[in-house]
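Throughout, numbering of the chain's residues begins at 1 and tracks the sequence. Just so we're clear, the structure is a prediction, and the values are computed from it rather than from any experiment.
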Amino acid sequence: DVSRYGSVEIDEDLRIKGFTEKNQRRGRGLINGGIYILDKEFFCGLDLPDRFSLERDFISRYFKLYPFYGLPFEGYFIDIGVPEDYERAKREIINLKRLNL
């Protein structure tokens, strides 16, 4: 359910077309998994402040000007942004270590 995270819209070529803020849409969709591949020269050549949000100040600002792409992935995902999920992630990692995965 994208309502907790917000959603990412991509076209048939996987280019990012837009974003919907959390709680503005419900149901199935794509979310930002927080994994990025960046061209260092391009990134360092932009006028960004010393401290900024990658999603808000970089991606949301530049995706309409430059081609940014998203790759859909249907594997396991856990957001550790709330205490309950952070604790759940810690338990799951311990269990994976026990299984030698």
* For atom CZ of Phe52, decide whether the heavy atoms of other residues, nucleotides or ligands shown that lie under 6.0 angstrom number more than 12. => yes

* Ile35 atom CD1: more than 12 heavy-atom contacts under 6.0 Å -> no

* To do: Specify the closest pair of heavy atoms between Gly6 and Ile31, including all atoms of both residues, with the distance to one decimal.
  => O-CG2, 3.2 Å

* To do: Take Arg26 and Val2, measure what side-chain contact (heavy atoms from CB on, under 4.5 Å) needs, and give me the verdict at the end.
  => CA-CA 6 Å; Arg26 294 199 171 285; Val2 300; 6.0 Å; no

* To do: Indicate whether the side chain of Thr20 and that of Arg25 have a donor and an acceptor atom separated by less than 3.5 Å.
  => no

* **Check against side-chain contact (heavy atoms from CB on, under 4.5 Å), Lys22 and Tyr5** => CA-CA 5 Å; Lys22 64 182 173 182; Tyr5 307 102; 5.7 Å; no

* Asked: Does a sphere of radius 6.0 Å around CD1 in Ile80 hold more than 12 heavy atoms from other residues, nucleotides or ligands, not counting ones at 6.0 Å or beyond?
  -> no

* Please assess Phe68 against Phe58 for the test ring-ring contact (aromatic ring centres under 6.0 Å, His included), listing each intermediate value before the final yes or no. => CA-CA 11 Å; Phe68 286 19; Phe58 172 66; 5.4 Å; yes

* Asked: Ion pair present between Arg4 and Asp85, side-chain N to carboxylate O less than 4.0 angstrom?
  -> yes

* **Validation row: Phe43, Leu48 side chains within 4.5 angstrom (heavy atoms)** => yes

* To do: Provide the closest heavy-atom pair for Arg61 versus Leu65 in the form atom of the first, atom of the second, distance.
  => O-CD1, 4.4 Å

* For the residue pair Ile10 and Gly70, what are the closest heavy atoms and their distance? -> CD1-O, 4.0 Å

* Pair Tyr36, Glu55: side-chain N/O donor-acceptor within cut-off below 3.5 Å -> yes

* **Aromatic plane relationship, Phe63 with Phe19 - under 30° parallel, 30 to 60° tilted, over 60° perpendicular** => perpendicular

